[in-house]
Protein chains: 2
Amino acid sequence: MSVTHTDVPGPAGFQITDDCPIRDVLDRVGDKWSVLIVVLLGRRTHRFSELHRAIEGISQRMLTHTLRALARDGLVSRTVHASVPPRVDYELTELGRTLLGPLTALDEWATAHRDDIRAARERHDREVPAT
Amino acid sequence: MSVTHTDVPGPAGFQITDDCPIRDVLDRVGDKWSVLIVVLLGRRTHRFSELHRAIEGISQRMLTHTLRALARDGLVSRTVHASVPPRVDYELTELGRTLLGPLTALDEWATAHRDDIRAARERHDREVPAT
DNA sequence: CAGAATCCGTGTAGATACTG
DNA sequence: CAGTATCTACACGGATTCTG
């Protein structure tokens, strides 16, 4: 387990600090839209309007914001074509592509266990109807 | 790629829907504290106060809330010992333990690439100082 | 000890309108 | 087409106080 921790005296023996790597990555792609964009761009390059159409429910504002954040972190590259009408292509960088593996693992877990979670939730809600 | 999508006519060829599995799991553990708790419980069973001490910065309220949510989804089990003073143990369920794999993969990616991201971010901010 | 209840600030994100 | 600007809301989460 490589989660950042510091050995300290006491019964627990260690403590998780604020800047642990896994929280880092979740702060980055744990938001509502980032992973969807990364997964889409993992298939092929998309232009702005294509992403907008492909991702159901995203607003123009959030698409712009999320793409900017991903570009800032070096996961996505943004290419402006000087044409009329304008055209901007987004694609995964080398770094962005390396993220596909871990995301796929998480995706497969989610697909495999979503029914288990649903079942657990229903069972729980049956036992504790309303606090 | 197993992300949920529906084939539709049009240039994109498909569309990501709201209830795709990977968004499901991120809605669950993508919050500020869930993964930290899962990782800690992956090491061993903890009681409430141990978690509170081990996770720097978490409030009692959020620890309770997050544990309840994890228990509801069947990832964590909650065992109340009828003693004075009261004692409650939390541990990963079978289902919860299966999540450790994907989380570790993400953690390793984060550890391996956090410097790349930092570098990309600094480069970007140097090129675009303040919009 | 392990919480429940309350109050409240803030960031995330949606809707809408406008622009190069 | 690919954005920006503004305005707003609601949920997330922190601080504090109280209890079985």
Side-chain angles (χ1 to χ4, degrees), chain A residues 10-12 16 18 23-24 26-37 40-41 45-73 76-91 124 128-131, chain B residues 10-12 16 18 23-24 26-37 40-41 45-73 76-91 128 130-131:
Chain A
I16 289 192
D18 295 18
R23 275 248 40 83
D24 244 48
L26 283 177
D27 284 344
R28 237 154 230 116
V29 301
D31 62 55
K32 197 170 178 180
W33 306 110
S34 290
V35 286
L36 296 183
I37 293 175
L40 277 176
L41 295 184
T45 298
H46 283 68
R47 45 193 303 193
F48 187 88
S49 53
E50 286 177 331
L51 289 172
H52 198 190
R53 274 191 300 273
I55 302 174
E56 189 182 12
I58 195 172
S59 64
Q60 235 173 17
R61 172 186 143 86
M62 286 318 297
L63 181 55
T64 303
H65 272 39
T66 309
L67 284 170
R68 290 280 203 265
L70 291 172
R72 185 165 110 100
D73 291 339
V76 160
S77 73
R78 179 172 181 271
T79 310
V80 180
H81 300 272
S83 60
V84 177
R87 172 201 182 97
V88 181
D89 283 337
Y90 292 93
E91 65 182 321
H124 183 103
V128 190
T131 316
Chain B
I16 288 192
D18 295 18
R23 276 248 37 85
D24 244 47
L26 283 177
D27 284 343
R28 238 154 229 115
V29 300
D31 61 52
K32 196 170 179 181
W33 306 110
S34 290
V35 287
L36 296 183
I37 292 175
L40 278 177
L41 296 183
T45 297
H46 283 69
R47 44 192 304 194
F48 188 88
S49 53
E50 286 177 332
L51 289 171
H52 198 192
R53 275 191 300 273
I55 303 174
E56 189 182 12
I58 195 172
S59 65
Q60 236 173 16
R61 173 185 141 87
M62 286 319 295
L63 182 53
T64 304
H65 272 40
T66 309
L67 284 169
R68 290 279 202 266
L70 291 172
R72 185 165 110 100
D73 291 340
V76 160
S77 73
R78 179 173 180 270
T79 311
V80 181
H81 300 272
S83 60
V84 176
R87 170 202 183 98
V88 182
D89 284 337
Y90 293 93
E91 65 182 320
V128 190
T131 316

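Reminder, nothing fancy here: chain letters follow the sequence lines and each chain counts from 1.
- When the C1' atoms of four end pairs are superposed on the next four at each end of the helix from dC1(C)-dG20(D) to dG20(C)-dC1(D), using five pairs per end, the two resulting axes differ in direction by 50°, to 10°.
- The line from CG of Leu41(B) to CD of Glu50(B) is 10.0 Å long, rounded to the nearest 0.5 Å.
- Arg28(B) CZ to Thr66(B) OG1: the interatomic distance, rounded to the nearest 0.5 Å, is 14.0 Å.
- The CZ-C1' distance, from Arg23(B) to dA13(C), rounds to 12 Å in whole Å.
- Under the 3.5 Å distance criterion, the side-chain polar atoms of His52(A) are left unmatched by any main-chain donor or acceptor of Phe48(A).
- Rounded to a whole Å, the CG atom of Leu67(A) is 15 Å from the C1' atom of dT4(D).
- At a non-hydrogen distance threshold of 4.0 Å, nothing from residues 76-84 of chain B comes into contact with DNA chain D.
- Rounded to whole Å, the distance from CZ on Arg53(A) to C1' on dC1(D) is 10 Å.
- Note: CE (Met62(A)) to C1' (dA9(D)) measures 14 Å, nearest angstrom.
- Set against dG3(D), dC1(C), dT17(D), the side chain of Gln60(B) has dT17(D) as its closest nucleotide.
- In this entry the distance linking NE2 of His65(B) with P of dA15(D) reads 15 Å, nearest Å.
- Set against dC1(C), dA2(C), dC1(D), the side chain of Val88(B) has dA2(C) as its closest nucleotide.
- Within residues 26-34 of chain B, the residues that place at least one heavy atom under 4.0 Å from DNA chain D are, in residue-number order, Asp31(B), Lys32(B), Trp33(B).
- Taking CZ of Arg47(B) as the reference point, atom CZ of Arg87(B) lies at 4.5 Å (rounded to 0.5 Å).
- Of all heavy-atom pairs spanning His46(B) and Leu40(B), the tightest one is CE1-O, 3.3 Å.
- Applying the 4.0 Å criterion to OP1 and OP2 of dG3(C), one finds that Thr64(B) has every side-chain N and O outside that range.
- Counting all heavy atoms, side chain and backbone alike, Asp31(B) lies closest to Arg23(A) at O-NH1, 3.0 Å.
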Pair His81(B)-Asp89(B), side-chain contact (heavy atoms from CB on, under 4.5 Å): steps then yes or no: CA-CA 8 Å; His81(B) 300 272; Asp89(B) 284 337; 2.9 Å; yes
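- Across all non-hydrogen atoms, the minimal contact from Tyr90(A) to Thr45(A) is O-CG2, 3.2 Å.
- Distance check: Asp73(B) CG to Asp27(B) CG gives 10.5 Å after rounding to the nearest 0.5 Å.
- Atom CD1 of Ile37(A) and atom P of dA13(C) are 11 Å apart (whole Å).
- In this structure, Ile58(B) places its CD1 atom 14 Å from C1' of dA15(D), rounding to the nearest Å.
- One can place CZ of Arg87(B) at 12 Å from P of dG3(C), the figure rounded to the nearest angstrom.
- Atom-to-atom distance recorded for Lys32(A):NZ and Ile55(A):CD1 is 12.0 Å, nearest 0.5 angstrom.
- In the set dT6(C), dT6(D), dC1(C), dT6(D) carries the atom at the smallest distance from any side-chain atom of Arg61(A).
- Across all strands, Arg47(A) comes closer than 4.0 Å only to sugar-phosphate atoms, never to a base (heavy-atom distances).
- Atoms CG and CG, from Leu51(A) and Leu36(A) in turn, are 10.5 Å apart once rounded to the nearest 0.5 Å.
- OP1 or OP2 of dG3(D) lies within a sub-4.0 Å distance of a side-chain N or O belonging to Arg68(A).
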